[in-house]
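Numbers restart at 1 for each chain; the letters A, B, ... are given by sequence-line order, proteins then strands. The figures here come from the full heavy-atom set of this structure, side chains too, leaving out hydrogens, waters and symmetry mates. Since we're looking at a predicted model, the values are computed, not measured.
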2 protein chains.
Amino acid sequence: MGSRKPRKRATISDVALLAGVSISTVSRVINHEDPSQMRDVTRDRVLDAMAALDYTPVKAARDLRRRRTHVLALLVPDISNPFFSLLARGVEAAGFRVGYSTLICDSNNSKDEERQHMSALLRQNVDGVILVPVGRPDLAGLERMERSEVPVVTADRRIPGIPHVEADNAGGSRELAKRLVALGHRQVAYLGGPEDVSTAEDRLQGFLDGLAEGGVAPVAVRRGDFTYDSGVSLGTEILRDEHPDAVVAGNDLMAIGVLHAAAAAGRRVPEDLGVAGFDDIQWAALVRPRLTTVRVPFLEIGQCSARALVARIMSYDDAVEPTCLPVSLVIGDSTCAARAREDATGVSPGERFRKRGDRTSRGGSGA
Amino acid sequence: MGSRKPRKRATISDVALLAGVSISTVSRVINHEDPSQMRDVTRDRVLDAMAALDYTPVKAARDLRRRRTHVLALLVPDISNPFFSLLARGVEAAGFRVGYSTLICDSNNSKDEERQHMSALLRQNVDGVILVPVGRPDLAGLERMERSEVPVVTADRRIPGIPHVEADNAGGSRELAKRLVALGHRQVAYLGGPEDVSTAEDRLQGFLDGLAEGGVAPVAVRRGDFTYDSGVSLGTEILRDEHPDAVVAGNDLMAIGVLHAAAAAGRRVPEDLGVAGFDDIQWAALVRPRLTTVRVPFLEIGQCSARALVARIMSYDDAVEPTCLPVSLVIGDSTCAARAREDATGVSPGERFRKRGDRTSRGGSGA
DNA sequence: CTGAAAGCGCTAACAG
DNA sequence: CTGTTAGCGCTTTCAG
């Protein structure tokens, strides 16, 4: 790779000169896509000149004038988590479609790094931020953003006073609970997520409601931290101490931990024990037995968040409606009806229900 | 949320005014972190004024002057793939540490969207791009970037003439092959990735080399597309037609597909059949039996790419050394020694080897 | 050690 | 329909 031509980058006035028009005319063809009142010949001459000079507008100059960067930021606890990376895909795609670029910021599950990133974003002059806070949100940081007129939308988390986009966690959880009751479970244990995460609370509450509707009380409610490891360890404990006929976890990762804990304890799933999760992450499709879970539309949450944020940016002064996206029950092979459990036939009972689609990663071109 | 105070944003001259200094002095305190020659009193006065006015520099204005945006872009085929999201984490973290923000672009596995994004990035005036091309790279697009003096580094893919950062795919694959031979396998089938992906080619070639060194020839070599589905379907075919005693896939996703194909075909793993993958993606840790695979340091690849790119941006004119990161063999329970296979004891043979660490996702705070 | 002044490249009134 | 003009907010010589 030799040296590059030091030929200086063409500016708008170079284009104007070459096209034999004024710079404002060039500016017009750059900005007004529409058949703006402008003679086609003029327009074409400009276009030709731009092409000839390989002209690219300097974004900083435009931003300076328009006082808008058309950049959005997505701040998540861990971009390598499947929920957040799907969310990111949704945000990026929806943003791109309306002319926004997406800055990605990973707070590495640390409130401190989250704070750092928020300051950085302020300095970056992003037009808006989609936030998934780490645990209990940093109100001070949010306050600063709002004060700087940088709109914020939270995704998959609720913060009073901030517009948000989330899934119907409570509703989905409630349906799941009712399903388990219908399957004949009476000794149900729940393994929830952290208390400072609204999502976890909603799921827990919804589950208890659903159970109550079926006239069932949980045999135990524990708190994990949404990790696989906590699923394994708390799952082991629950199985040892509570003698449940079903364990439902607040997310899939913990549910898979429970699955493995059950295997280690010699309990067959679903014959001896029903297991269910929440999220329907891609990974789940690779685990056997297939997990009964609730599909959360992360991609859509991302898209919706981006759209909501852009709406806020444009209206520039008031909040948009909070959004709650529907979820759907996914019946796998980790739960079955009481009849089947008694028979213990070994025939995969999940097959009797709506079969979960094959939702494995397209994975394509992966490393 | 009510209306915001329409109080206009403070500029550098407001600060100067309040501090009773000139704007160039303010500029100096903003930019020269060091104990730049400047009286502490002056400096403090400025700092106070900035705080009092809640001053944040307008990035567009700085960028316009400095002709540098301090923004990097990461363009990947699918950010929701675990390799790429880990890569992204690495890029973001390493970039952030040296003052760069990261724009994330998802080409959605489409060469066309890739092209679109490249143009968009040019208009965005990013300082550099980390690219993971979709299939065979778009030379024209790259040409345009270089012509515009936007340095590009590819990650996990090689393109002649472009600096890249990748893992030692060939080496890792070779070691894996040798290990299988050492375990007594003689009927080995290989399920590779797409031919237009350098990574896939390296892995295949390395594997064949390793096999050859052990004096073994593969019973079959097939091509998948790195998806789980192709692992299942081609795995099924291979098992039916080739009677292998081991199937090695070019990545974990396909290997898991093979695992499931084997289960469906009634072949026990590892007693009847050895299976191995490549990547050591997080998902793999959730699958049983645990996969024997090769750990690719995606996070580090990301970090390295970011550093290399920044180096190119600063030197601004010449290429940096290509980088090849080491990989490591991960022995799981999906392979075992011939002895164990003959005994078919059912004792998990993987245990005899270096046990794979528990590398499950921290998953924390997940949705 | 600090200030004055000259733009960076572009957009958006405002005139023709 | 097109040109002129006045900055956007900041960094950076160049002089004190």
Side-chain angles (χ1 to χ4, degrees), chain A residues 7-47 49-50 53-70 99 122-127 148-149, chain B residues 7-47 49-50 53-70 99 122-127 148-149:
Chain A
R7 184 196 52 196
K8 247 188 78 203
R9 186 201 243 238
T11 75
I12 196 172
S13 61
D14 296 328
V15 176
L17 217 58
L18 180 59
V21 298
S22 76
I23 60 171
S24 35
T25 299
V26 177
S27 180
R28 282 188 194 99
V29 349
I30 295 173
N31 296 294
H32 309 302
E33 292 293 315
D34 49 16
S36 60
Q37 41 286 56
M38 169 178 295
R39 280 187 340 214
D40 277 0
V41 266
T42 315
R43 175 187 213 75
D44 288 344
R45 264 225 308 282
V46 172
L47 255 12
M50 297 202 321
L53 295 174
D54 195 25
Y55 170 70
T56 310
V58 170
K59 203 180 98 75
R62 317 183 73 189
D63 288 352
L64 182 54
R65 281 304 314 235
R66 310 195 296 190
R67 31 261 334 263
R68 196 132 290 179
T69 58
H70 287 270
L122 238 26
R123 284 191 299 270
Q124 267 289 325
N125 290 318
V126 296
D127 282 353
S148 307
E149 313 204 347
Chain B
R7 185 196 50 197
K8 247 188 77 202
R9 184 200 243 238
T11 76
I12 195 172
S13 62
D14 297 328
V15 176
L17 217 56
L18 180 59
V21 298
S22 75
I23 61 171
S24 29
T25 299
V26 177
S27 179
R28 282 191 193 97
V29 349
I30 295 174
N31 297 294
H32 309 301
E33 292 293 316
D34 50 15
S36 60
Q37 42 284 57
M38 169 179 295
R39 278 186 343 214
D40 277 0
V41 266
T42 316
R43 175 187 213 74
D44 288 345
R45 266 224 306 281
V46 172
L47 255 13
M50 298 204 318
L53 295 174
D54 195 24
Y55 169 69
T56 311
V58 170
K59 204 180 97 76
R62 316 184 73 188
D63 288 351
L64 182 54
R65 280 303 312 238
R66 311 197 294 190
R67 30 261 336 266
R68 197 133 289 179
T69 59
H70 287 271
L122 238 26
R123 284 191 299 269
Q124 269 287 327
N125 290 317
V126 296
D127 282 354
S148 308
E149 312 204 348

task: Grab the CZ-P distance between A/R43 and D/dT2 for me, whole Å please.
output: 10 Å
- request: Indicate whether OP1 or OP2 belonging to C/dG9 is found under 4.0 Å from a side-chain N or O atom of A/S13.
  value: no
- request: Classify the nucleic acid contact of B/D63 as base, sugar-phosphate or nothing, counting any heavy atom under 4.0 Å across all strands shown.
  value: nothing
Flag side-chain contact, heavy atom, 4.5 Å: B/I12 against B/I30: yes
- prompt: So what does B/V21 hit on the nucleic acid, given a heavy-atom distance under 4.0 Å: a base, only sugar-phosphate, or nothing?
  reply: sugar-phosphate
task: Could you state the atom-to-atom distance from CG of B/N125 to C1' of C/dG9 in whole Å?
output: 11 Å
field: Under-4.0 Å side-chain N/O to phosphate OP1/OP2 contact, B/T25 with C/dG3
entry: yes
- request: Figure out the CE/P separation between A/M50 and C/dG9, and round it to whole Å.
  value: 17 Å
- request: Please list, chain by chain and in numerical order, all residues satisfying salt bridge (charged side-chain N to carboxylate O under 4.0 Å, His left out) with A/D127, sequence neighbours excluded.
  value: none
query: Starting at CG of B/L17 and ending at C1' of C/dT2, how long is that distance when rounded to a whole Å?
result: 16 Å
- request: Show your reasoning for whether side chain to side chain contact (heavy atoms under 4.5 Å, CB included) applies to B/Y55 and B/L18.
  value: CA-CA 12 Å; B/Y55 169 69; B/L18 180 59; over 6 Å; no
- prompt: Over how many whole Å does the gap from A/N31 atom CG to D/dT2 atom C1' extend?
  reply: 15 Å
query: Residues in side chain to side chain donor-acceptor pair (under 3.5 Å) with B/N31, at least two apart?
result: B/S27, B/R62
task: Taking side chain to side chain contact (heavy atoms under 4.5 Å, CB included) as the test, write out the residues that go with B/L17, two or more places apart.
output: none
field: Non-neighbouring partners of A/N125 that pass side chain to side chain contact (heavy atoms under 4.5 Å, CB included), sequence neighbours left out
entry: A/T69, B/R9, B/V58, B/K59
query: Between C/dT11 atom P and A/R68 atom CZ, what is the distance in whole Å?
result: 15 Å
- prompt: Contact class for B/S27 vs. all strands (heavy atom < 4.0 Å): base, sugar-phosphate, or nothing?
  reply: base
Enumerate all atom pairs, one protein N or O and one N or O from nucleotides 5-9 of chain D, separated by less than 3.5 Å.
| unit_1 | atom_1 | unit_2 | atom_2 | d |
| --- | --- | --- | --- | --- |
| D/dG7 | N2 | A/R65 | NE | 3.4 |
| D/dG7 | N2 | A/R65 | NH1 | 2.6 |
| D/dG7 | N3 | A/R65 | NH1 | 3.2 |
| D/dC8 | O3' | A/R67 | NH2 | 2.5 |
| D/dG9 | OP1 | A/R67 | NH2 | 2.7 |

- request: Could you list the residues that satisfy side chain to side chain contact (heavy atoms under 4.5 Å, CB included) with A/R123, not counting sequence neighbours?
  value: A/S119, A/A120, B/T56
message: Without decimals, in angstroms, what is the distance between B/R28 CZ and C/dG3 P?
response: 8 Å
- line: Axis-to-axis angle across the helix from C/dC1-D/dG16 to C/dG16-D/dC1, five pairs each end, nearest 10 degrees, ~ 30°
task: Tell me, please, which residues at least two apart from A/T11 pass side chain to side chain donor-acceptor pair (under 3.5 Å).
output: A/S13
statement: With sequence neighbours left out, the residues meeting side chain to side chain contact (heavy atoms under 4.5 Å, CB included) with A/L122 are A/R144, A/M145, A/S148, A/V150
- request: In whole angstrom, give the distance that lies between atom CZ of B/R66 and atom C1' of C/dC8.
  value: 13 Å
